[in-house]
Amino acid sequence: METTQNMAMSTDRTFDSFDSVGAVFQHRVDSFPENVCIREKDFGIWNEYTWADWGEYAQLIGYGLHALGLQRGDIVSIASEINKEWLFTDLATICIGGICNGVYPTDASSQVEYLINDSGTKFYFVEDEEQLDKVLTVRERTPSIEKIIVFDMEGLQELNDSMCLSVDELYELGRAHREKHPHLWAQEIAQAQSGDTMILTYTSGTTGPPKGAMITHRNVLFMMSCTQDCFRVNNSDRILGFLPLAHVAGRMLYTFLVIESRAIVHLVESLETVAQDTAEIEPTVHFAVPRVWEKQYSSVSIMIKEATPLGRWAYRIAMLVGAKRAGYQKHAQTVPFHLEFLFRLLDLLVLGNVKRLLGISKSRWLATAAAPISPDLIEWYWALGNPMYELYGQTECTGIATCNLEDDHRIGSVGKAASGVQIELSERNEILIQSPGVIKGYWNLPEKTADSIRQGWLYSGDIGRIDSEGFVYVVDRINDIIITAGGKNITPSEIENQLKFSPYITDAIVVGDRRPYLTCLIMIDQDNVALHAQEYSILFTNYTSLCRTSEVVELIGEEIERVNSKFAQVETIKKFRLIDQLLSPEDEELTPTQKLKRKVVNEKYASLIEEMYA
């Protein structure tokens, strides 16, 4: 087996010698009660919450759950967009001895039913009336649920259901229970063992039904330390919270990294205000999934296209200078004085405006993970003057396995093994991960656990390679590798990443396994293609009609030919079709983290695919 050299040989780490996350959290509450740790935007106003506030609300919810009958190891699920109540309930459950499970608010009722029954959820928290309706629809088929708690009672004033109560009622119940049992909170925190399961995180379900990853205190304590080694966040940093907390990345960044670093997390008002909130907050450290970065690049590309000739010229010159400057930085070389001076001038006149528009002008670094990303896109951010570092990890290793660092990075790779992590390649070049972050297994799925975790090594399902310096490169998912009818092995993600770099393409699925040539299904970027249509007086009424215009098909065809020029003949796209339905996370084709489910897309659009091979 080929092995990376990990950046630190420690393999059993905890934070400040604590054995549980609850103990670390309570230490923060006791040590920094007046310090602000959460800011949440509500009706345009940023409201502040201190460590004492977080500790108090968590205690009240925890005591309330205990009064309702929660026992150690019971499952508490939360179906909500990101908000302070999510954070309060999360730590309440962890500290009082329960297991906290996140449910994506975009999940349909059938998915909610599956998650509740698979996990055996006993207490179910919902954000609002919409989420409440989903669970009430299926509650006759979810016998494990005992109570449903609602965060936002707007529109539910007349609710009269013995199974339901508001979070405010739970607070009062917890306050009364605390008066009777004042030492219960500390006692429950003290009972926690490092190997106890503390959260369930369900996988995206790209290859089958979601599986509940059992994440322990030890896993999270290790990842808190590991994440800090990679990100080097401090208590003066601002983090923007907008990713779903049901995902391991959102949980690590907005909950556990905040506890570890004491940075302030800023929770957005809604998913529709993310761009505006980012520009307001200007986070100093900023992580997002590739689709967010692709959308930013697309918006700037269209803005520049609509600029004056002088503006386009100035942007082009500024980016050329920025790219040349980044070339020195990427190799840890001193930037020549004249080049640095010229960049600073152009940054003041041109690039600074772009970065302020995107909300990244104060960011020390940007980070990306969770899906493949085009190296060209990373290069673009470097040229802007904002270094971007790609990471790699999975739910099954509680987050990070490899990372590019400020002083040790290589664009195109996902970095070297993180501190305390070992990476090896199997005989078929599958990436294997060993670290204290590797989960104890899948909930109620011993056979799946045994298949994925063998002798302490996590079999990632990703094909990779490791260079002579230890940098890891993710080639593709094992199940996604295309073998053409001619026997050629092709990694579709590389082609798809180049396609998604186009401002007119949101996503792409390359098809061609056991086929004579490659074809592709394309999702267009609605906003940018609509602007193009308006500019050239192309008539359309909705998304479907936009996709079916000959001019849009021709536009996407030109983008595909641009990408084809970068690949060998056997790797070029010969035919394509546009998916003319506007997809959202509620649709079965997309995961809640906005990744296309290749298998579902191939099955749902089978007739469209066959048409390209007719």
Side-chain angles (χ1 to χ4, degrees), residues 271-279 286 288-320 322-323 346-347 349-361 366 368 373-386 388 496-508 522-563 576 578-580 582-584 594:
L271 295 181
E272 287 71 34
T273 66
V274 169
Q276 176 187 338
D277 295 342
T278 307
H286 196 25
V289 295
R291 182 154 294 189
V292 173
W293 303 123
E294 291 160 359
K295 190 69 176 175
Q296 284 196 346
Y297 169 77
S298 295
S299 66
V300 171
S301 297
I302 297 302
M303 180 184 70
I304 296 303
K305 184 179 179 181
E306 296 176 342
T308 64
L310 178 61
R312 291 196 296 270
W313 175 84
Y315 172 78
R316 186 169 64 253
I317 296 300
M319 290 300 290
L320 287 172
L346 291 170
D347 187 52
L349 298 175
V350 182
L351 299 182
N353 296 326
V354 174
K355 290 186 286 189
R356 280 188 290 275
L357 175 70
L358 300 178
I360 61 174
S361 62
L366 311 174
T368 184
I373 189 170
S374 168
D376 291 341
L377 184 56
I378 295 179
E379 296 274 13
W380 183 78
Y381 280 98
W382 274 84
L384 273 181
N386 284 84
M388 176 179 282
E496 291 161 358
N497 287 339
Q498 289 293 332
L499 290 169
K500 289 187 288 184
F501 190 55
S502 163
Y504 302 114
I505 296 175
T506 292
D507 218 331
I522 299 286
M523 278 177 57
I524 65 170
D525 185 297
Q526 182 185 24
D527 295 338
N528 292 342
V529 174
L531 284 172
H532 175 85
Q534 291 165 8
E535 181 180 355
Y536 290 93
S537 301
I538 301 168
L539 299 178
F540 69 96
T541 56
N542 54 27
Y543 183 83
T544 298
S545 67
L546 180 65
C547 290
R548 293 178 179 177
T549 62
S550 59
E551 295 90 344
V552 168
V553 173
E554 183 180 347
L555 172 68
I556 300 303
E558 291 171 356
E559 294 298 297
I560 288 176
E561 285 307 311
R562 176 185 59 79
V563 171
F576 71 94
L578 304 184
I579 296 176
D580 59 11
L582 187 59
L583 302 180
S584 70
Q594 299 287 291

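Side chains are part of it too, since the values below use all heavy atoms of this structure and drop only hydrogens, waters and symmetry mates.
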Solution key, residues 530-538 side-chain donor-acceptor pairs under 3.5 Å, sequence neighbours excluded:
none

Does any non-hydrogen side-chain atom of [Y] lie less than 4.5 Å from one of [X]?
| X | Y | answer |
| --- | --- | --- |
| P503 | K305 | no |
| N497 | I373 | no |
| L384 | W380 | yes |
| D347 | K355 | yes |
| L351 | M319 | yes |
| R291 | D507 | yes |
| K295 | D527 | yes |

Counting only N and O atoms by type, is there a donor-acceptor contact under 3.5 Å from the side chain of [X] to the main-chain atoms of [Y]?
| X | Y | value |
| --- | --- | --- |
| W382 | A323 | no |
| R356 | S361 | no |
| T273 | Q276 | no |

- request: Would you please name every residue forming a ring-ring contact (aromatic ring centres under 6.0 Å, His included) with W293, sequence neighbours left out?
  value: H286, Y381
Side chains of residues 544-558: which donor-acceptor pairs under 3.5 Å do they make with residues two or more places apart or in other chains?
from : atom 1 : to   : atom 2 : distance (Å)
T544 : OG1    : D580 : O      : 2.8
S545 : OG     : T541 : N      : 2.8
S545 : OG     : T541 : OG1    : 3.2
S545 : OG     : N542 : N      : 2.9
S545 : OG     : N542 : O      : 2.9
S545 : OG     : N542 : OD1    : 3.2
R548 : NE     : D580 : OD2    : 3.0
R548 : NH2    : D580 : OD2    : 2.9
T549 : OG1    : L546 : O      : 3.0
T549 : OG1    : V552 : N      : 3.4

message: Show the nearest heavy-atom pair for residues N528 and Y504, with the distance to one decimal.
response: O-CE2, 3.8 Å
message: If I compare all heavy atoms of R562 with all of S502, which pair ends up nearest, and what's the gap?
response: NH2-CB, 3.6 Å
message: Using the rule side-chain contact (heavy atoms from CB on, under 4.5 Å), only one of L358, V292, L377 pairs with Y297; which is it?
response: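 Result for side-chain contact (heavy atoms from CB on, under 4.5 Å) with Y297: L377.
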task: Applying side-chain contact (heavy atoms from CB on, under 4.5 Å) between F501 and each of S374, P375, S301, report the one that passes.
output: S374
